[in-house]
Amino acid sequence: MKKTKPYYFVSWNVNGIRAVAKKGALKWIDEEPPEILALQEVKAEDHQMPQDLFEHAYRHLYVSSSHKKGQSGVALYTDLEPEHYSPCYEIDVLHEGRINEIHFDNIAFFNVYFPNGKRNEERLIYKLEFYERFFNYIEKLRKEGKSIIFCGDVNTAHREIDLARPKENEEISGFLPVERAWIDKLIAAGYVDTFRHVHGDEPDRYSWWSMRTRARERNVGWRIDYFFVSEDLKDRIVDADILDHITGSDHAPVTLRLKRA
């Protein structure tokens, strides 16, 4: 009996898709095209998405762009045939291009660029409100019988092991107790941080490094990019990782392999 290959998903905050295209920094996708390629911070509208990122011709591309040109934006490429697509404006209430939602095989899959709270108190409050709207939305879907997968730049490191200098950043948005408590809440509700599920407390694994201080060369980073799955999918996790050898952005891609039902 032929074994079916697991689903393969990739998530990456590219920090500008047109800049990534000029660097040829997504050509590696052709080595093993994922069923879903979820990109955050594309900073582009649908018609501005480059055509030569890779050779693989995905069947579908969903783009949610910000009302502010050149900011935020998410894009989801897939070879699956989604039963449903939404930009989730009930969560992304400011229409900043932060979510792609698709449904397939009784799974609700979300590609999310969560807000950054560093700019000011107002943005921190918005970030926390966004967190709550998102949590309530996926909990509603779960009660309706959907399995949940969400990936993207959560803009918060969960535990001290998830950033190189925790003590120095205790009062910085991205590692505030109130932000970390939301991830605690997620996990308590039965969502699984797939990287930690696979790798345990493996240290010094990060997904973002400041470009201003050449932090990547010194691996002074933060793990703020995730794949979470609802608890009913936990036993289907095959692998989850950070592709920290891939360059072209200040973030590294993160991956998930999941057995098919």
Side-chain angles (χ1 to χ4, degrees), residues 7-80 82 85-88 91-92 95-102 104 108-116 130 134 149-155 194-195 207-209 211 222-228 240-258:
Y7 285 121
Y8 177 42
F9 306 127
V10 172
S11 170
W12 194 15
N13 180 322
V14 292
N15 193 13
I17 193 66
R18 285 168 286 187
V20 160
K22 287 175 185 174
K23 299 171 191 170
L26 264 164
K27 299 292 186 186
W28 56 275
I29 286 294
D30 288 316
E31 296 169 18
E32 186 184 3
E35 273 87 3
I36 293 178
L37 171 62
L39 305 178
Q40 302 94 45
E41 210 172 353
V42 295
K43 301 179 182 178
E45 296 177 42
D46 198 341
H47 67 278
Q48 296 173 314
M49 294 293 290
Q51 301 299 305
D52 57 349
L53 293 168
F54 33 73
E55 292 183 12
H56 184 73
Y58 278 99
R59 292 179 195 168
H60 304 285
L61 166 61
Y62 301 99
V63 179
S64 180
S65 53
S66 175
H67 71 287
K68 294 181 179 177
K69 291 187 184 298
Q71 293 184 21
S72 305
V74 289
L76 187 151
Y77 294 83
T78 186
D79 280 329
L80 302 171
Y85 169 74
S86 172
C88 277
I91 304 169
D92 183 19
H95 291 208
E96 292 180 336
R98 295 195 174 275
I99 306 183
N100 304 126
E101 174 193 6
I102 64 169
F104 61 93
F109 184 106
F110 297 85
N111 170 31
V112 193
Y113 177 40
F114 289 87
N116 190 315
F130 188 103
F134 181 75
I149 301 173
F150 77 87
C151 66
D153 179 358
V154 177
N155 259 314
T194 60
F195 179 83
S207 66
W208 175 81
W209 304 263
M211 295 178 79
W222 299 51
R223 189 176 73 94
I224 58 175
D225 302 87
Y226 301 80
F227 267 98
F228 276 93
D241 212 348
I242 301 170
L243 304 184
D244 39 24
H245 62 287
I246 299 290
T247 58
S249 169
D250 51 349
H251 291 252
V254 294
T255 66
L256 172 65
R257 294 178 194 270
L258 192 80

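The chain is numbered in sequence order, starting from 1. What you see below is based on every heavy atom in this structure, not just the backbone, and it leaves out hydrogens, waters and symmetry mates.
Looking at D92, its side chain does come within 3.5 Å of a backbone N or O of G97 through a donor-acceptor pair. At distances below 3.5 Å, at least one donor-acceptor pair connects side-chain atoms of R18 with backbone N or O atoms of K43. No donor-acceptor distance shorter than 3.5 angstrom exists from the side chain of E101 to the backbone of S86, with no hydrogens or angles considered.
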| message | Evaluate V14 against V42 for side-chain contact (heavy atoms from CB on, under 4.5 Å), listing each step before the verdict. | response | CA-CA 6 Å; V14 292; V42 295; 4.2 Å; yes
| F228/F195 under ring pair (Phe, Tyr, Trp, His ring centres under 6.0 Å): CA gap, chis, key distance, verdict | CA-CA 9 Å; F228 276 93; F195 179 83; over 10 Å; no
| task | Using the side-chain contact (heavy atoms from CB on, under 4.5 Å) rule, take I224 and H251 through it: C-alpha gap first, then chi angles, then the decisive distance, then the call. | result | CA-CA 9 Å; I224 58 175; H251 291 252; 3.8 Å; yes
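In the model, S249 has no side-chain atom that pairs as donor or acceptor with a side-chain atom of N15 under 3.5 Å. A donor-acceptor contact under 3.5 angstrom links the side chains of E41 and N13, judged on distance only.
L76 places a side-chain heavy atom less than 4.5 Å from the side chain of I102. Looking at heavy atoms from C-beta onward, V112 lies in side-chain contact with F130 at the 4.5 angstrom threshold. Inter-residue side-chain proximity for P34 and Y77 is flagged as unmet; no heavy-atom pair is nearer than 4.5 Å. At least one side-chain heavy atom of W12 sits less than 4.5 Å from a side-chain heavy atom of L26. Residues W209 and D244 are in side-chain contact: their nearest non-hydrogen atoms beyond the backbone lie under 4.5 Å apart.
With sequence neighbours left out, the salt bridge (Lys or Arg N to Asp or Glu O under 4.0 Å) criterion links E96 to R98, R123. Scanning for salt bridge (Lys or Arg N to Asp or Glu O under 4.0 Å) contacts around K69 gives E45, with sequence neighbours left out.
One finds a salt bridge joining R257 and E32 here, because a Lys/Arg side-chain nitrogen approaches an Asp/Glu carboxylate oxygen to under 4.0 Å.
Closest approach of V10 to T255, counting heavy atoms only: CG2-CG2, 4.0 Å. Summarising the geometry of A25 relative to G248, their closest heavy-atom pair is CB-CA, 4.0 Å, with the distance given to 0.1 Å. D225 and S207 get closest at one heavy-atom pair: OD1-OG, 2.6 Å.
Screening N155, N111, N100 against Q40 for a side chain to side chain donor-acceptor pair (under 3.5 Å) leaves a single residue, N111. In summary, of the residues considered (F134, F109, Y113, Y226), a ring pair (Phe, Tyr, Trp, His ring centres under 6.0 Å) with F150 occurs for F134 alone.
Within 6.0 Å of the NZ atom in K27, the count of heavy atoms belonging to other residues, nucleotides or ligands exceeds 12.
Between F104 and Y7, the gap from one ring centroid to the other is short of 6.0 Å.
Note: Y58 and H56 have perpendicular aromatic rings, judged against thresholds of 30 and 60 degrees for the angle between ring planes.
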